[in-house]
Number of protein chains: 2
Amino acid sequence: MTDETGGSATIGTLEKGFGIIETVEELESATLTDVADEMGLARSTVHDYLTTLCDLEYLVKTDGEYQLGLTFTRLGTSATETVQLSDTITPYLERLADATGETVWFLVEECGRAVYLGHAEGDQAIKTEHSIGGRSYLHCHAGGKAILAQLPDERVEEIIDMHGLPEITEHTITSREALFEELERIRERNYAQNHSEQLAETRAVSAAIVVDDEVLGAISVGGPAHRLRGDRFETELPNQVMSVVNEIRINHRYS
Amino acid sequence: MTDETGGSATIGTLEKGFGIIETVEELESATLTDVADEMGLARSTVHDYLTTLCDLEYLVKTDGEYQLGLTFTRLGTSATETVQLSDTITPYLERLADATGETVWFLVEECGRAVYLGHAEGDQAIKTEHSIGGRSYLHCHAGGKAILAQLPDERVEEIIDMHGLPEITEHTITSREALFEELERIRERNYAQNHSEQLAETRAVSAAIVVDDEVLGAISVGGPAHRLRGDRFETELPNQVMSVVNEIRINHRYS
DNA sequence: AAAAATCATCCGCCATCTCCGGAAAGACTC
DNA sequence: GAGTCTTTCCGGAGATGGCGGATGATTTTT
């Protein structure tokens, strides 16, 4: 099988099946031919897969178009629930969003990437392009860097080996040295900043949630660079974020 | 394959793969042997599946235990987004929850079953055992009956043929005649009630959201029977629910 | 600390099931 | 109603999933 990421999956049928599911996800709504063309497979083959997935209720067919079934909504809920804090974090996010007026995210690390799991928006919050379950790189993200700073160096190396340090904007950290220096600085201050490293004109402040040497995730506050600057960016927001994170840690210990 | 619902899937490998995923979901966290025992498959077989699913990042392995990966969170978000209203419904649910103090749900029909997609809790709300993406039967649910009442009779017959009319409590409607009479009554009044048909001592009021002859879902307000009775249950709550549903319909038309 | 037991991983052959071409059936257009 | 496109059905050939058995890793027992 021609495979972009070189995954050495032993069971090709599963790879193909999920490939079809992800194709349907990207197209949002797709016909048999759409999927077959997109994946370069024979229509009869795709037909077998699609009917199977419909029988299993992972896809639904409406007016000749296939869509993701709501079984994924259930699995998504289950997957999210396996993450610690996921069920208790929302009030904290909302409080921080109210206090700062900006966009607040809760994110965790999985497979070397950041996954967005919760968010709240203050009254001045900018539109965010991310959604629950969305992913981004760790190295160009305040929350991502806050998490990396808490991981052992060899794990950080592993992650860099997996994903590299792709340059997302001109300010993205792209060398190992610079990244490790940055992580050291973050460890000293206990919070991380993002200076337009992921998206131009956008900044963020974040702190990791660490309980018993385990990194449970990070909380970040982000917004337009013209609002996040000076004392607010350097002192006020970091203190607000760290204060909430501290509260979460304490409450999590006794639960 | 021993299969409870008699699905005639053509591609067995997919059925097995998703079976393993659902096993991991049920066990929340499982070892290779757990899954193999649960499914009655050889360990070597399960090993192949689990490593493949980890390579594809649908499962993650932590300390020798497999769990659902957060990729399902993303797919769940995508699946939910394919449903109309899913992105705009929350404020309405919250308003209704505030006004009534009870538990409010938004649900839709898929494959002949009710799927819970949104909820909000008032200050007196009882603990609910459902979660986002969870399913229940249509015939024993206020929202489910409200939806059924809007579907063509032949579709209702189809759904009964698929799932039957299982008796969940002693008050559940279990005969076709009684159900069709109930649906007729619902059509006359434009709202549905649940008299402990799904859970003892629990009642609910619901109305379907219908736009251009298409049933988009239903909103239900539920709570303990001792609070949902008399005029409140017969007039007040139905009016509150129908009022919100009406508002949703109007706003949805012009969007 | 050695031994035993348990669990995860690797290997290779056989039986099975995927995969696709081609044909038939259905849907839509003009 | 003829023509075009799409979906569905079918059967054979070749690829691959499935499992037993062996090896290595880890934990538990004595």
Side-chain angles (χ1 to χ4, degrees), chain A residues 1-3 5-24 26-69 111 154 158, chain B residues 1-3 6-24 26-69 111 154-155 158:
Chain A
M1 291 294 117
T2 54
D3 187 339
T5 42
S8 61
T10 44
I11 299 190
T13 306
L14 280 186
E15 194 173 356
K16 215 170 290 177
F18 278 107
I20 287 177
I21 287 169
E22 299 203 349
T23 303
V24 172
E26 278 165 36
L27 300 175
E28 287 180 31
S29 186
T31 69
L32 187 150
T33 333
D34 291 340
V35 178
D37 291 351
E38 185 79 17
M39 302 203 56
L41 293 171
R43 293 181 178 180
S44 47
T45 305
V46 175
H47 177 260
D48 289 347
Y49 275 85
L50 290 175
T51 46
T52 303
L53 289 168
C54 283
D55 282 352
L56 298 173
E57 298 190 359
Y58 286 96
L59 295 180
V60 287
K61 189 178 181 179
T62 338
D63 307 324
E65 303 247 319
Y66 295 89
Q67 293 191 320
L68 294 186
C111 303
E154 53 269 27
E158 238 178 66
Chain B
M1 289 296 114
T2 53
D3 186 339
S8 63
T10 43
I11 298 190
T13 305
L14 281 186
E15 195 174 355
K16 215 170 290 176
F18 279 107
I20 287 177
I21 287 169
E22 300 203 350
T23 303
V24 172
E26 278 165 37
L27 300 175
E28 287 179 31
S29 187
T31 68
L32 188 151
T33 337
D34 291 340
V35 178
D37 291 351
E38 185 79 15
M39 302 205 54
L41 293 170
R43 294 183 178 175
S44 47
T45 305
V46 175
H47 177 260
D48 288 346
Y49 276 85
L50 290 175
T51 46
T52 304
L53 289 168
C54 283
D55 282 351
L56 298 173
E57 299 190 358
Y58 286 95
L59 295 181
V60 287
K61 188 178 182 179
T62 339
D63 307 324
E65 303 247 322
Y66 295 89
Q67 292 192 321
L68 294 186
C111 303
E154 52 270 27
R155 173 76 183 134
E158 238 179 67

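Atom set for the values below is all heavy atoms of this structure, side chains included, hydrogens, waters and symmetry mates excluded. Lettering of chains follows the sequences in order, A, B, ..., and the numbering in each one begins at 1.
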| Separation of dG17(D) P from Leu14(B) CG (nearest whole Å) | 11 Å
| request: Quickly work out the Asp37(A) CG to dT6(D) C1' distance and round it to whole Å. | output: 11 Å
| Of all the nucleotides listed (dC19(D), dT9(C), dC19(C)), which has the minimum atom distance to the side chain of Lys61(B)? | dT9(C)
| request: Between Leu32(A) and Tyr49(B), name the one whose nearest nucleotide on DNA chain D is closer to the 5' end. | output: Leu32(A)
| request: State which of dC20(C), dT8(D), dG18(D) makes the closest approach to the side chain of Asp48(A). | output: dC20(C)
| task | Mind checking the OG1-CD spacing from Thr33(B) to Glu38(B)? Nearest 0.5 Å is all I need. | result | 12.5 Å
| Any N or O donor-acceptor pair linking the side chain of Ser44(B) to the base of dG18(D) at under 3.5 Å? | no
| request: For Leu50(A) and dC20(C), give me the distance from atom CG to atom P, rounded to whole Å. | output: 14 Å
| remark: Side-chain contact check for Ile11(A): nearest option of dG17(D), dC20(C), dC19(D) is dG17(D)
| said: Applying a 4.0 Å non-hydrogen cut-off, can you work out what Thr13(A) is touching in the nucleic acid: base, sugar-phosphate, or nothing? | reply: sugar-phosphate
| task | Using the side-chain contact (heavy atoms from CB on, under 4.5 Å) rule, pick out the option among Leu27(B), Thr31(B), Val60(B) that qualifies with Glu65(B). | result | Thr31(B)
| said: Expressed as a whole number of angstroms, how long is the span from Asp34(A):CG to dT6(D):P? | reply: 9 Å
| For His47(A) and dT7(D), is the shortest distance between a side-chain N/O and OP1 or OP2 below 4.0 Å? | no
| query | What is the distance from CD of Glu65(B) to P of dC7(C), rounded to the nearest Å? | reply | 12 Å
| note | Leu41(B) CG to dA8(C) P, in whole Å, measures 15 Å
| said: Measure CD/Glu15(A) against P/dT16(D) and give the value in whole Å, please. | reply: 11 Å
| remark: Between Thr31(A) and Thr45(B), the residue closer to the 5' end of DNA chain D by nearest nucleotide is Thr31(A)
| Rounded to whole angstrom units, what separation is found between the CZ atom of Arg43(A) and the P atom of dC9(D)? | 16 Å
| field | Beyond-backbone contact of Asp55(B) with Thr52(B), side-chain heavy atoms, under 4.5 angstrom | value | no
| task | Give the nucleotide from the list dT6(D), dG20(D), dA8(C) with an atom nearest to the side chain of Thr33(B). | result | dA8(C)
| message | Rounded at 0.5 Å granularity, tell me how far CE in Met39(A) sits from OG1 in Thr23(A). | response | 4.5 Å
| Can we call the ring centroids of Phe18(A) and Phe18(B) under 6.0 Å apart? | yes
